[in-house]
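Quick notes on the structure that follows.
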Amino acid sequence: MNFIIDGFLLHKKKLYNYVMFSKRKIGIALSGGAARGISHIGVLQVLDELGIEISAVSGTSMGAIVGAVYSLGYDLKEIEDYIKHTDWRNFLLFSVIALSRSGILNNHKVEDVFKKFFKDKTFADCKKQFCCVAADIINNEKVVLKSGNITDAVRASISVPGIFSPVYTDSGLLVDGGLMEPLPTEAISELDCNFIIASSISFENDDSISLKKGSPAAKKSANDIKKMSIQSIIDKSMNLVQAELTKSYLKKADIVIEPKIGDFGFFDFTRGADIIEAGRKAAIKKIPEIKKKLKIK
């Protein structure tokens, strides 16, 4: 039996695929990870090049910044150029001293980024559905932000406790959403999508190898451990927490893309071009799976 749909003659066996995939609404969830989250830009670039139409975006922490800019309709090349040409050493230098008791970094330079991309825009200005995640430490609950001012929402989602000042609300105190949902595959279910792609940073080094106890390499590694900097210790501690928290949220995604960013630090913004390339490489490796599951050529 054949059917005519939108002017096309379809066999009965093809009708099911037509109905299913014509209604498919693809969402992408972008994890946190500070500078490492810049890798999401590379992932989004590859998806765009494949012609995949993203209808919904969720983000946590750095994923909230990338997701907001992308959802507002900015060209990914413009975002990449901004990252490549920004003097991040100067940016970080003038972000170090905070007058607030609630964070060691002030928000002045971050506000400059928000003013450039977000201005006074709201969620209603987004070209794609968008939400971001924050944690309310007064009411002990996750908050999915999807209405109101974009700057206020993203500022809350990136407010790493002790580093950035929290965002005060009428009844709560919002901090980095990564504390509760580092990969927002659950949050995106509040938007209109029925197929989820996750971009979740992997803390594995791109050229990582296993070390056997007692081997020369392992002994050298033990010596290196004793020389670890405070930043390295903070990096590895946060990596461990996020990796464990992310596991359950990975299961909610139909496709998982994992940029390997183990070679990059929490504040490694100066290596933005390399981090974006790590995202591209991870997405390119997933192209066969993406094409198979989305039935594209």
Original post:
Is the closest side-chain heavy-atom distance between Leu294 and Ile26 below 4.5 Å?
Top reply: yes
Subject >> Sub-4.5 Å side-chain heavy-atom contact between Ile275 and Phe269 >> reply: no
**OP:** Calculate, to the nearest 0.5 Å, the distance between atoms CG and OG belonging to Leu44 and Ser39 respectively.
**Re:** 9.5 Å
**OP:** Without swapping roles, check the side chain of His40 against the backbone of Gly279 for a donor-acceptor pair under 3.5 Å.
**Re:** no
**OP:** Measure the spacing between NZ of Lys84 and CD1 of Ile38 and express it to the nearest 0.5 Å.
**Re:** 12.0 Å
Original post:
So how far is it from Phe264 CZ to Arg36 CZ, rounded to the nearest 0.5 Å?
Top reply: 10.5 Å
**OP:** Under the side chain to side chain contact (heavy atoms under 4.5 Å, CB included) rule, collect the residues that match up with Lys292, sequence neighbours excluded.
**Re:** none
Subject >> Validation row: Ile28, Leu47 side chains within 4.5 angstrom (heavy atoms) >> reply: yes
Original post:
What pair of heavy atoms forms the shortest contact from Ser159 to Val167, and how long is it?
Top reply: OG-CG2, 4.2 Å
Subject >> CD1 on Ile83 to OG1 on Thr270, rounded to 0.5 Å >> reply: 12.0 Å
Subject >> Full working for salt bridge (charged side-chain N to carboxylate O under 4.0 Å, His left out) between Glu277 and Lys281 >> reply: CA-CA 6 Å; Glu277 183 57 28; Lys281 287 170 61 177; over 6 Å; no
Subject >> Co-membership, hydrophobic cluster, residues Ile150 and Ile41, 4.5 Å side-chain >> reply: yes
Subject >> Side-chain heavy atoms of Gln45 within contact of Glu80, under 4.5 Å >> reply: yes
Original post:
Is the shortest side-chain N to carboxylate O distance from Lys285 to Glu258 below 4.0 Å?
Top reply: no
Original post:
Where is the tightest heavy-atom contact between Ala56 and Cys193, given as atom of each residue plus distance?
Top reply: CB-CB, 4.2 Å
Subject >> Residue pair Ile197 / Asp254, side-chain heavy-atom distance below 4.5 Å >> reply: no
Subject >> Side-chain donor/acceptor of Asn149 to backbone N/O of Thr122, under 3.5 Å >> reply: no
Subject >> Sidechain N-carboxylate O distance under 4.0 Å for Lys293, Glu289 >> reply: yes
**OP:** With sequence neighbours left out, write down each residue that passes side chain to side chain contact (heavy atoms under 4.5 Å, CB included) with Ile137, or none if nothing qualifies.
**Re:** Leu173, Val175
Subject >> Atom pair CG/CD of Asn139 and Glu141 - distance to nearest 0.5 Å >> reply: 5.0 Å
**OP:** Answer with yes or no whether the hydrophobic clustering places Val144 together with Leu30; edges join I, L, V, M, F, W, Y residues whose side-chain heavy atoms lie under 4.5 Å apart.
**Re:** no
Subject >> 4.5 Å side-chain heavy-atom contact, Val46 and Lys286 >> reply: no
Original post:
Quick check: are there more than 12 heavy atoms from other residues, nucleotides or ligands sitting under 6.0 Å from NZ of Lys119?
Top reply: yes
Subject >> Heavy-atom pair with the smallest gap, counting every atom of Lys142 and Met180 >> reply: N-SD, 3.3 Å
**OP:** Take Asp152 and Arg155 through the test salt bridge (charged side-chain N to carboxylate O under 4.0 Å, His left out) and record every step on the way to the result.
**Re:** CA-CA 5 Å; Asp152 292 342; Arg155 188 192 290 116; 3.0 Å; yes
Result block: side-chain N/O donor-acceptor pairs under 3.5 angstrom for residues 57-74, not counting sequence neighbours:
unit_1: Ser58; atom_1: OG; unit_2: Pro184; atom_2: O; d: 2.9
unit_1: Thr60; atom_1: OG1; unit_2: Glu181; atom_2: O; d: 2.9
unit_1: Ser61; atom_1: OG; unit_2: Asp176; atom_2: OD2; d: 3.4
unit_1: Tyr70; atom_1: OH; unit_2: Asp48; atom_2: OD1; d: 3.0
unit_1: Ser71; atom_1: OG; unit_2: Gly67; atom_2: O; d: 2.7
unit_1: Tyr74; atom_1: OH; unit_2: Phe117; atom_2: O; d: 2.6

**OP:** Please check if Leu145 and Leu183 belong to a single hydrophobic cluster, counting links between Ile, Leu, Val, Met, Phe, Trp and Tyr side chain heavy atoms closer than 4.5 Å.
**Re:** no
Original post:
Where do Ser200 and Pro259 come nearest, in terms of heavy atoms and distance?
Top reply: O-CD, 3.6 Å
**OP:** Please confirm whether the backbone N or O of Ile54 pairs with a side-chain atom of Lys128, one donor and one acceptor, at under 3.5 Å?
**Re:** yes
Subject >> SB check Arg271 Asp268 (cutoff 4.0 Å) >> reply: yes
Subject >> Same apolar cluster (I L V M F W Y, side chains within < 4.5 Å links), Leu250/Ile261 >> reply: no
**OP:** Could I get the full list of side chain to side chain contact (heavy atoms under 4.5 Å, CB included) partners for Lys252, not counting sequence neighbours?
**Re:** Thr185, Glu186, Tyr249
Original post:
Would you say Lys121 has more than 12 foreign heavy atoms packed within less than 6.0 Å of its NZ?
Top reply: yes
**OP:** Show the numbers, then the answer: is there a salt bridge (charged side-chain N to carboxylate O under 4.0 Å, His left out) between Glu49 and Arg280?
**Re:** CA-CA 11 Å; Glu49 289 163 9; Arg280 286 189 59 85; 3.0 Å; yes
**OP:** Tell me, yes or no, whether the heavy-atom count around Lys251 atom NZ, taken from other residues, nucleotides or ligands under 6.0 Å, exceeds 12.
**Re:** no
Subject >> Taking every non-hydrogen atom, the tightest pair across Ile138 and Ser171 >> reply: CG2-O, 4.0 Å
**OP:** Quick one: which residue pairs count as a ring-ring contact (aromatic ring centres under 6.0 Å, His included) with a foot in residues 118-156, not counting sequence neighbours?
**Re:** Phe114-Phe118, Phe123-Phe130
Original post:
So which residues get pulled into Ile188's cluster when ILVMFWY side chains under 4.5 Å apart are joined, directly or through others?
Top reply: Leu191, Ile196
Subject >> Ile284 reachable from Val256 in the ILVMFWY side-chain graph, under 4.5 Å edges >> reply: no
